[in-house]
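All values below were derived from every heavy atom in this structure, side-chain atoms included, with hydrogens, water molecules and symmetry-related copies excluded.
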Amino acid sequence: MATKDKSEWDYTNILIPLLIVTRFAHDQMWISFSRYQTARGKNRIVDKSIEFEQVDRESTWDDQILFNGILFYLGNKYLPNAQNLPLWRTDGIIITILLHAGPVEFLYYWLHRALHHHFLYSRYHSHHHSSIVTEPITSVIHPFGEHIAYFLLFAIPLLSIVLTGTASLVAFAGYITYLDLMNNMGHCNFEFFPKWLFRVFPFIKYIMYTPSYHSLHHTQFRTNYSLFMPIYDLMYGTMDKATDSLHESSLGRIDNSPDVVYLTHPTTLDSVYHLHVGIGPFASDPYKSKWATWVLWPLTLWSMLLTWVSGQSFVVERNIFNHLKMQTWAIPRYRFQYLLSWQKEKINKIIEEAILEADEAGVKVMSLGLLNQGEDLNGNGELYVRKHPNLKVRLVDGSSLAAAVVVNSIPNGIKQVLLRGNLSKVAYAVANELCKKGVQVAVPSKEVYEKLKERVSSEFASNLILSTIYDQEVWLVGDGLSDEEQKKAPKNTIFIPFSQFPPNRLHKNRIYYSTPAFFVPKALENIDSCENWLPRRVMSAWRVAGIVHALEEWGTNECGETMFDIDKIWSAALRHGFRPFNVSS
């Protein structure tokens, strides 16, 4: 395009990069929708968990798109009749359809059966079948040798129409899109083909498979080998007998009614890609801004504008802990929107509707995460309890457990700590508990000192001191800690956050602890994404608090000024297998 006149452009060549981009977008849409649908539970086929191991193994799903793109370029350059293809040719499209339904489907069936022979299976195909619970991208996770075999197989129709001079742009792009569509659909793990379709048109079940049809192949291994047309399984006696019953039972699945809901929200604009329903490899690692997300800024801007008009929470993740079913819901608002006074009413309305929806669904506990429990926004959730006194769902802001993590993160032998940052419910609880334990809490601000003095038990108020000295070994910090204040900290000062968000990490010679969080027990399943900036299999104390509340079957709310006994909830969390995450960096 840059070196030739427009009249000399080869639109076949230009189509290839456009096809690469659209294939990326097409696959990602299937990934996000599949994760959203399976998190809800409606029409889910296989009710098992996906873990980080599978996400890592499938993170190279885009390799085959790039590999195919290179081969398409080589074909365009060296094959006769592969340049300057017309937009449409009916005969070429018909040839493509017939060659796919005949040779491609037939050869794939027998290739697939051969790959299940123990010699080839152990060396190649077992990699694909490592995923019992499939996601759309599972369809393209194969060893390189298999990728070459599949490309040669699927190239039969394309090479045929090129060599016979009947190729067209629509036939080329349409066939590739069809392959992607059917592959993604067959591995999406939720069923959506209605039963009436096969009753009215029974022949369709033999020329087009369904997600439940191929799911049986991943659970039974020795049945349903067909590519997209089950007629070959019917012809050779390998169609699974449970095909129809699984299809019907999957359609009968309704939305999950969880026991615990964690209500969160995106933080920065590009954090949407780090949600469970976002980009899998991004979501599976702790959040940090990546160069790739800058490329997606047009999409990011569009998603931000969408949140302005969206007024409903949505499901992003599901987890299981023994008998407890859990979900994470997200409010479609970013962190900066919570700071806008004119947005508070709208945000409170969305939170309130989410609480009422959870109450109606029989949810036992809802924990309010991040800024959904702001004191200025809704009085740490008390607004909703007062407005709806008959709520059955228990609201938990998690302050007690967060305070317990902070208190127990302070190294032994520390006699005095400095408290800086905006005061919060957690800060008051931490100060009171430390004073009670005989640890002095120093604050440099007279105003903050007076506010804390009102909340600290008079019996231990002598341990609360007003001091402008910044030489304490441990700093307890919250939101609002300025960079200038950080510079006053001596070398090797330990920063322990009591806030939802971590402080800026300005100095390499300071020790920054994580925000209050826990390692989760092994029994907690279906964790394949990270919670914001926390490492894998680590959850914030505010999220864990709701789980512990449900496990202990405490029938009270923890919102407003209500606090649980810190030692009691700390012991309960440890008893259920949660371990404090206070690793510094």
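- Other residues, nucleotides and ligands place more than 12 heavy atoms under 6.0 Å from the CG atom of Leu305.
- Without hydrogens or angle criteria, Asp397 side chain to Gln373 main chain gives no donor-acceptor distance under 3.5 Å.
- Using bins of under 30°, 30° to 60° and over 60° for the plane-to-plane angle, the ring pair Phe282/His274 lands in the parallel bin.
- Summarising the local packing, CZ of Arg575 is surrounded by more than 12 heavy atoms from other residues, nucleotides or ligands at distances under 6.0 Å.
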Which donor-acceptor pairs under 3.5 Å do side chains of residues 428-435 form with protein atoms, sequence neighbours excluded?
from	atom 1	to	atom 2	distance (Å)
Asn432	OD1	Ser457	N	3.0
Asn432	OD1	Ser457	OG	3.4

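- In this structure, Phe564 has its ring center closer than 6.0 angstrom to the ring center of His549.
- Side chain of Arg318 to main chain of Lys325: no donor-acceptor pair is present (N/O by atom type, distance under 3.5 Å, no hydrogens or angles).
- In this structure, Gln486 contributes its side chain and Asn504 its backbone to a donor-acceptor pair below 3.5 Å.
- Phe24 and Trp61 have perpendicular rings, their planes meeting at more than 60° on a 0 to 90° scale where under 30° would count as parallel.
- Ring planes of Phe581 and Phe519: perpendicular class, angle over 60° (limits at 30 and 60°).
- Relative ring orientation between Trp294 and Trp297 is described as tilted, the plane-to-plane angle lying within the 30° to 60° band.
- Using bins of under 30°, 30° to 60° and over 60° for the plane-to-plane angle, the ring pair Trp533/Phe501 lands in the tilted bin.
- Sorted pairs that involve residues 365-374 and meet salt bridge (charged side-chain N to carboxylate O under 4.0 Å, His left out), not counting sequence neighbours, are lacking altogether.
- Glu450 CD: more than 12 foreign heavy atoms inside a 6.0 Å radius.
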